[in-house]
Amino acid sequence: MKNRENWNSRLGFILAASGSAVGLGNIWKFPTMVAENGGAAFTLIYLICIFVVGLSILLAELIIGRKTQLSAVGAYKKLSKKKMWVFNGFLGTLSADVILSFYVVVGGWTLKYSFLSLFGFLNNLNSLTQSESIFNNFISLRFEPLFWQSSFMLITIFVIINGIKNGIEKWSKIMMPFIIILLIILAIRGLLLDGSVEGLKFLFNPKFDLITPHSIVLALGHSFFTLSLGMGTMVAYGSYLNNKQNLLMSGIWIIVLDTFIALVAGIAIFTTVFALGSEPQEGAGFIFTVLPIIFNQLIGGQLWSTVFFTLLFMAALTSSISLLEVVTSYFVDERKWSRKKSTIIFGGIIIIVGMFCSLSLGGGLNISPFKNITFFNLMDLISSKYMLPIGGLLVSLFIIFEFKVSNFIKELNHKNSFFILNKKFVLLIFTISSIVVGFILINEIYSLLSGSSIIGNK
Ligand code: PHE
């Protein structure tokens, strides 16, 4: 393939791919989900999903990209004549748009809260009602959130226009170490507080009676979301790889980093929340309402809160870059548009769709097209619960029936002297992944249509 830009180094690739994986999913969604679904029991299911289903699909996507040196749609076209797989490429490109539309809204909030903390505007908060009213007022305003989300999108566009080495890789290499170091500092800060043990217990001491079928579905959907799977991001990132590296180890690194960061974020948040006598709250605003008050009770609160929201902003940025790259790379590869043109046009379109998400939160447009769910939540729901698992299932079936497990193993064994992969074992893993994801999808669709669930209700 002529002149495809490649990652500069293996480290650069691992940081860019884990930058995609580490995002709002780890620091905003994961702690909220843990809080809403019975703490540690949820953590455990999540870890199982990540290491069994997540790893196999992650490696499959990277291999599909690397083998073809193309983004998803082109990659499937090159590897197979069947329309179903090419459809999966298109589905992924659509999922990227859907996710981005609400992702940029929250990205805008992180930017706004970084500024609020930096300039001391959160310093006087001392009650939850006060901080909830600031947050709720802000997100339901008509224009201000649009300003912040557009700024967030413009930064994303800027990074992508500069390409793989000088854009995505360069910025991931700068931001990822920052995110990791800052989060570790925050976690240590939390652990040193009296009473932090309660937070640790909440996160790591499982209460199995709290596990419900509903939480299993959530954990599985979230493992796709947090690893950026089922929508072609990892196919696109894999397509900028050459044949020189050991993919298996890179994949394991990406998963370990992503999981590590979700857990460290959980430690930082829950130790602090429990130590200061507060309770984890339900709802998307948890991070933006409870944490600012908690930080205020610490010495140097303004600094801690600035550190936290800045790192959240950076984590969101490295992920939104990878989401927009899916769309950009499709237009570059398949439509032969320039990188600049595709990025600007689609960045612009996302700003517009994102406006609907933001305005559905109270800014005047009461769009709740389905079962009274706001447009914002609907975008989150259809992508995490349906689009990504369908995408992931198709990847897994693609490896079994079209690409073949033996070729998958051949790609992985290249440059790999650590593990000898057994064909039967790999086939078993893909079969288990397909059955689990397929069953959960059928159950979700069934419960959507009938209002009850095959595996029992919440
Ligand atoms: N993995 C990102 C997160 O955890 C979100 C994401 C999903 C990014 C899908 C790219 C593709 O926030």
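For reference, positions follow the sequence shown, starting with 1. Both ligands and their constituent atoms are indexed starting at 1 by order of listing.
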Kindly assign one of parallel, tilted or perpendicular to the pair Trp148 and Phe115, based on the angle between their ring planes and the thresholds 30° and 60°. tilted

Report the nearest protein non-hydrogen atom to atom 10 (C) of ligand 1: residue, atom name, distance rounded to 0.1 Å. Ser228 OG, 3.3 Å

Minimum-distance protein heavy atom relative to atom 9 (C) of ligand 1: Met231 SD, 3.3 Å

Ion pair present between Asp333 and Arg4, side-chain N to carboxylate O less than 4.0 angstrom? yes

Parallel, tilted or perpendicular: which fits the ring planes of Phe375 and Phe356, with parallel below 30° and perpendicular above 60°? perpendicular

Salt bridge check, Glu5 against Arg339: does any charged N sit closer than 4.0 Å to a carboxylate O? no

Could you list the atoms of ligand 1 found under 4.0 angstrom from a heavy atom of Thr226? 1 (N), 4 (O)

Using a plain distance cutoff, I'd like to know if Leu229 has any nitrogen or oxygen under 3.5 Å from a nitrogen or oxygen of ligand 1. no

Neighbour count above 12 (heavy atom, 6.0 Å) for Phe260 CZ: no

Which residue and non-hydrogen atom of the protein lie closest to atom 2 (C) of ligand 1, and at what distance in Å? Ser20 O, 3.3 Å

Using a strict cut-off of 4.0 Å, indicate which atoms of ligand 1 neighbour a heavy atom of Thr233. 10 (C), 11 (C)

Need the ligand 1 atom indices (1-based, order shown) with element for anything under 4.0 Å from a heavy-atom of Leu24. 12 (O)

In the protein, what heavy atom is nearest to atom 4 (O) of ligand 1, and what distance, to one decimal place, separates them? Ala21 O, 2.9 Å

Closest to atom 7 (C) of ligand 1 (heavy atoms only, candidates Trp28, Phe30, Phe225) is Phe225

Can you see whether Phe225 has Lys29 sitting over its ring - NZ or CZ less than 6.0 Å from the centre and within 45° of the normal? yes

Compare every heavy atom of Phe274 with every heavy atom of Gly199, then report the nearest pair and how far apart it is. CA-CD1, 3.5 Å

Option from Phe152, Phe102, Phe309, Phe135 for which ring pair (Phe, Tyr, Trp, His ring centres under 6.0 Å) with Trp109 holds: Phe135

Students should be able to answer this: which protein heavy-atom is nearest to atom 12 (O) of ligand 1, and at what distance? Tyr103 OH, 2.5 Å

Need the ligand 1 atom indices (1-based, order shown) with element for anything under 4.0 Å from a heavy-atom of Ser319. 2 (C)

